[in-house]
Amino acid sequence: MIVLGIESSCDDTSIAILNNNTLLSHICSSQNNNSFGGVFPEYAAREHLSSIDPTMRMSLQQAKCKLSDIECIGVTNRPGLLGSLVVGVSYAKALSLAHNIPIIGIHHLEAHLVVPQYTHNIQFPYGVILLSGGHSMIILAHSLGQYEILGTTKDDAVGELFDKVARCIGLKQPGGPEIEKCALQGNTTIDLPVPLRGDMSYDLSFSGLKTAAQRKWNDGDKSDIYRSNLCFSLQNTIYETLKERMMNVWMKYCTENWVLVGGVAANKYLRNRLRELCDENKRKLIVPPANLCTDNGVMVAYAALLRAEDKLYDDLSLRPYARAKL
Ligand code: KG4
Ligand code: ZN
């Protein structure tokens, strides 16, 4: 089956075409949000509007496909920035209506968490550590659509922490990759509080760490080496809180296979440390390549392929939702 996947829930317009497990094309057009210091919803929606059609045309060209070859359209319809979702969903519905192609609305987080099935051929059930710009979650994925949320974002998500701290210390957006780069020069630990230290829950909280890091920066000497040390310490402290949550989870759940997904999973330091942690605890960790961790059309096309196999189609009453449970 040839499936087209459209992702426009935040600031990346990304379209991919899959022929079952074979990727025919993947085009991602990212926005430059530095003049706003982050994602500005109205601007993001306008950018999607101007880039969605050219991105689609390039995808078809790269895949050497015609619209009449497409057998199913998957489109992220929840959750996300409403204006951004409206662009993708309206575009997908227009294609569906004009070319008589079945359509499937995809939950953005489901798309993130099925990617390892595409990249590593892993099957349900497995545990999920999902770290993105809007969510930090620990999930047991039992089967398609059956997700048991063990722990979730109490306040700021981990990606939000990266982005807000980056802005405060004079780095570009998105903050995650910039902090990762800056941290490579760090060699001394700056003391930061580990969120929820000693708490036995599985939830994640990052707003206290954000404020603490911002305070350290404001009180520090603002040198390049201080910035690098702060970035290095921030990544280490994020790892420490994730480690505590996972140790709590593993005391109760014996799930063997785990996946690390979402934009923050592109972070090499966190990937490596979490992989070591899993090894030490006799768990297997699968992490997709970085370009399939950050928002992309492939994950949407793949989620649609899985749903199409189960005949879980939508119709033209499909609409976007800014918020939606997984
Ligand atoms: O999944 P994603 O692309 O979009 C959402 O669904 O939110 O995640 C975006 C988040 C941003 O906060 C960005 O700073 C973060 O992922 N991110 C990273 C890295 N690459 C992207 N965080 C840490 N290290 C990275 N290399
Ligand atoms: Zn995402």
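Because only heavy atoms are used, hydrogens play no part in the values below, and waters and symmetry mates are left out as well, while side chains stay in.
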Chemist: Quick check on side-chain contact (heavy atoms from CB on, under 4.5 Å): which of Ile149, Ile139, Val261, Leu130 does Leu109 satisfy it with?
Modeler: Leu130
Chemist: Could you walk me through whether Arg57 and Asp53 pass salt bridge (Lys or Arg N to Asp or Glu O under 4.0 Å), step by step?
Modeler: CA-CA 6 Å; Arg57 283 171 202 279; Asp53 198 49; 2.9 Å; yes
Chemist: Residues two or more places apart in sequence or in another chain: which of them pass salt bridge (charged side-chain N to carboxylate O under 4.0 Å, His left out) with Glu71?
Modeler: none
Chemist: Determine, stepwise, if the pair Asp11 / Tyr43 fulfils side chain to side chain donor-acceptor pair (under 3.5 Å).
Modeler: CA-CA 9 Å; Asp11 60 339; Tyr43 173 79; over 6 Å; no
Chemist: Sequence neighbours left out, what pairs pass salt bridge (Lys or Arg N to Asp or Glu O under 4.0 Å) with at least one residue falling in residues 170-196?
Modeler: Glu178-Lys181
Chemist: For Gln61, does the CD atom sit with more than 12 other heavy atoms under 6.0 Å from it, leaving out its own atoms?
Modeler: no
Chemist: Parallel under 30°, tilted from 30 to 60°, perpendicular over 60°: which one fits the rings of His112 and His108?
Modeler: perpendicular
Chemist: Answer yes or no: is there an ion pair linking Glu256 with Lys284, defined by an N-O contact shorter than 4.0 Å?
Modeler: no
Chemist: Let me confirm one number: the CD1-CG distance from Ile106 to Asn77, rounded to the nearest 0.5 Å.
Modeler: 8.0 Å
Chemist: For residues 207-223, which residue pairs pass the salt bridge (Lys or Arg N to Asp or Glu O under 4.0 Å) check, not counting sequence neighbours?
Modeler: Asp156-Lys210
Chemist: Measuring from atom CD1 of Ile169 to atom CD of Gln214, what distance do you get when rounded to the nearest 0.5 angstrom?
Modeler: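 It is 9.5 Å, given to the nearest 0.5 Å.
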Chemist: Looking at Thr153, Val158, Leu161, Asp155, which hits side-chain contact (heavy atoms from CB on, under 4.5 Å) with Ser205?
Modeler: Asp155
Chemist: Kindly assign one of parallel, tilted or perpendicular to the pair Phe124 and Tyr147, based on the angle between their ring planes and the thresholds 30° and 60°.
Modeler: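 Correct class here is tilted.
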Chemist: Parallel, tilted or perpendicular for Trp217 and Tyr226, by the 30°/60° rule?
Modeler: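 Rings of Trp217 and Tyr226: tilted, as their planes differ by 30° to 60°.
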Chemist: Thr13 and Ile52: which non-hydrogen atoms are nearest, and at how many Å?
Modeler: CG2-CA, 3.9 Å
Chemist: Would you mind telling me which of Ile15, Ile103, Leu4, Leu85 makes a side-chain contact (heavy atoms from CB on, under 4.5 Å) with Val75?
Modeler: Ile103
Chemist: Tell me whether the rings of Tyr253 and Tyr202 are parallel (<30°), tilted (30 to 60°) or perpendicular (>60°).
Modeler: perpendicular
